[in-house]
Structure formats: structure tokens, C-alpha cells
Number of protein chains: 2
Amino acid sequence: MNESRDYQAINQALIKVYSGIMWIEEHELRKSTFADLTIKEMHAIDAISMYDHQTASAVAKKLHLTPGTMTATADRLTKKGYVKRVRDEQDRRIVRLYLTKKGRVLYRAHRAFHNMMVAQFLDGMTDEEMKTVRKALRNLENFVDEHA
Amino acid sequence: MNESRDYQAINQALIKVYSGIMWIEEHELRKSTFADLTIKEMHAIDAISMYDHQTASAVAKKLHLTPGTMTATADRLTKKGYVKRVRDEQDRRIVRLYLTKKGRVLYRAHRAFHNMMVAQFLDGMTDEEMKTVRKALRNLENFVDEHA
DNA sequence: ATAATGTATTTTGGAAATCAAATTATTTGA
DNA sequence: TCAAATAATTTGATTTCCAAAATACATTAT
């Protein structure tokens, strides 16, 4: 019963932090040389990633998008010069998504931003405390996996 | 240098957890009696909240929406019967947003879902560990405030 | 008191984001 | 080989969103 208020406080913090981070990312992007992108498009670029050359459907799954939405997103990113489609030679139904040079530059910049954020997240923590944070995150991952 | 890999792991966990939670909320909603709502509309209802009778612009600010987008969202929620607009009698420029009975039922259900999630988030933690989690969240809140 | 300025919301026009369902191209299994 | 399965695209619709202009009301300065 007493926990309820604590839960609400943590709830509010989680919501505020999440929407705040999105907002910051969006506005950092608008001020940057990549102002032609939206935050969703940037996250799609992050999901496509630099090394894996994943299939369109693998990326769609990561982002929880339907195939049609994935196609539209890849279209826009291709038109804007961040992504390249490559037909798989073994199985010609498959399209693999690659980042262009421009896409890779953005990818690294976005990762750097996230790293800075995580550094602040963990600021001033001992190893012991970091273990606790990991445990909390693992709890949430379990929650997500169980309900998926 | 060595921290970089840890950061990436926490990064990935954060991204996975947030997009996973969104997905779960979306799909719980679709299976419920509130299937006429999207996740964005539900979060707007959460932001409007039960007791405050906030102005449209206060809600817009909370959700980081432009005034126009707020109007469109309130339109849809009003049409669907979750929200009521009330002109302020003192200052007739102002519109206050109220939840209808139906809106309040959903609000409580959504809060309950979040509480369950937070409970799992904190599962099996000692008081000491909870303090650490709070500290991590406070760090992130500071990050958000600093960059806003 | 009234004109200018400021504030809250709505409207308009357009792009991006999304889904469900139908379609196309290709592969695989019987 | 041919039916079923799979990967991606297309189509048609709604939602989400923003910028800028318009509207309506309130406040301030003259």
C-alpha cells in the first residue's frame, strides 16, 4: 500500500526521462547538419547499424514496424542518401539494408550522443551500484520478454 | 576505453526496454475494451490526468506537442468520448481538458499497468538497491533538465 | 478608453508514420 | 513441377506531426 506512492514517483521519472530524451535528440538533430531527418528516421538508421547488413524484415522486427512501414522508411532514407538497398544474391526475395558513408557518419554521431547519456546515467557510481542498475535493467528486459 | 562496451550494452538494454514497453502497451490496448485508441492517444489521456483540469497548452508542453497537434489530439479524444473541453470562465482564451467517466476508467487501468511494470522493475531489491536505482534515475533527470 | 501587444487556441496545408490487406517475386517442399 | 511459404512492395486509409496564419480574448501603455 505504502509502495504505491513510490511507484508513482518512479513512474513519473521514467516517463519524464523517456520523453525528455526523445525531445533532446530531436532538437540536437534539428540543429545539426542532419536536419533533413526526423528522430524516427535516425532511430531507423541506428537499427540498420553499420556492420550487420541486416534484411529489411530483421530491421522491421527490431523497430516493431510492419513490412509496409519498413518499405516506406527505407524509401525515404534511400532518397535522402543515408541508406542503400542491396538484393541478396543467394535469395533474391531478400533486401539487405546498408548505410552509405553519410549514414555511417550519422550513426557514429548518434552513438556518441547515447554514450554521453549513459555516462551521465552512471555518473559517480561504484561497481556495486552499477551491478544494481544492471539488475534493474535486466528485470525490465525480463518483463518485456515475458509479455512479448 | 574499457567502459565503451559496457555503455553499449546498457544503451542496447535501454533501447530494447523502451521500445518493448511501448509495444506491449500498444498490444494490451488493442486486446482491451479500449481498442479504438492508439498508444499516443492513451498517453495523452495519461498526461491530461484525472484531477488537475490542466489547460490545453500545459498538456501540450508535457507531451512536447505543438499547439496545433494538441488541438487535433483533443479533437479525436473528444469525438471518441474520452475527453471534454471546458472554457475557463475567468479567462475565456483558455481551454481546460477534463477526462470523461470513460476517460477516467482508462486512466486508472493504464496507471495500474504502469504500477505492475514498476513493481517488476524493482523486484527483489533491497532498500539500499532501490536507493541506487533512484540515484540513476535522478542522474538521467538531471541530464534531461540540463539539455532542455 | 482605445490601440497595440501579447497569449491561448484553432485552422490550414502538407509531410511523415503507421497499419491492414492485396500483390509481386522468389524459394522451398511435397 | 506446382502448391505453399516467405520477403518485400504497393495501395488506401488514418493518425501524428509541424509551421505559419487566423481568431478570439486579455493586458498594457498611452
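Below, each value reflects all heavy atoms present in this structure, side chains not excepted, and no hydrogens, waters or symmetry copies. So that the names make sense, note that chain A is the first sequence line, chain B the second, and so on, each numbered from 1.
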Could you work out, with side-chain hydrogen bond (donor to acceptor under 3.5 Å, both in side chains) as the rule, every residue matching [X], not counting sequence neighbours?
{"X": "Glu26(A)", "value": "Arg30(A)"}
{"X": "Lys102(A)", "value": "none"}
{"X": "Asp127(B)", "value": "none"}
{"X": "Asp75(A)", "value": "Arg85(A)"}

In Å and rounded to the nearest 0.5 Å, what is the CG to OH distance from Leu37(A) to Tyr82(A)? 4.0 Å
Tell me, please, which residues at least two apart from Glu146(A) pass salt bridge (charged side-chain N to carboxylate O under 4.0 Å, His left out). none
Arg134(B): partners by salt bridge (charged side-chain N to carboxylate O under 4.0 Å, His left out), with sequence neighbours left out: Asp6(A)
Can you check the [X] [atom1] to [N] [atom2] distance for me, whole Å?
{"X": "Leu37(B)", "N": "dT15(D)", "atom1": "CG", "atom2": "P", "result": "11 Å"}
{"X": "Glu26(B)", "N": "dT15(D)", "atom1": "CD", "atom2": "P", "result": "13 Å"}
{"X": "Arg96(A)", "N": "dT6(D)", "atom1": "CZ", "atom2": "P", "result": "17 Å"}
{"X": "Lys61(A)", "N": "dA8(D)", "atom1": "NZ", "atom2": "P", "result": "13 Å"}
{"X": "Asp75(B)", "N": "dC17(D)", "atom1": "CG", "atom2": "C1'", "result": "14 Å"}
{"X": "Asp36(B)", "N": "dT15(D)", "atom1": "CG", "atom2": "C1'", "result": "13 Å"}
{"X": "Trp23(B)", "N": "dT18(C)", "atom1": "CH2", "atom2": "C1'", "result": "16 Å"}
{"X": "Ile94(B)", "N": "dT9(C)", "atom1": "CD1", "atom2": "P", "result": "6 Å"}

Taking side chain to side chain contact (heavy atoms under 4.5 Å, CB included) as the test, write out the residues that go with Phe143(A), two or more places apart. His147(A), Ile24(B), Phe113(B), Met116(B), Met117(B), Gln120(B)
Which nucleotide in dC17(D), dT9(D), dT9(C) has an atom nearest any side-chain atom of Thr71(B): dT9(C)
Closest to the Lys80(A) side chain: dT9(C), dA16(C), dT9(D)? dA16(C)
Under 4.0 Å from any atom of DNA chain C, heavy atoms only: list the residues of residues 38-58 of chain A that qualify, in numerical order. Thr38(A), Lys40(A), Glu41(A)
Pick the nucleotide of DNA chain C nearest each of Leu65(A) and Met70(B); which residue has the one closer to the 5' end? Met70(B)
With the sugar-phosphate defined as primed atoms, P, OP1 and OP2, and the base as all remaining atoms, what B/S/- string results for nucleotides 20-30 of chain C, 5' to 3', for protein heavy atoms under 4.0 Å? S----BBS---
Salt bridge flag under 4.0 Å for residues Arg138(A) and Asp145(A): no
Under 4.0 angstrom, heavy atoms only, what part of the nucleic acid is Arg85(A) near: base, sugar-phosphate, or nothing? sugar-phosphate
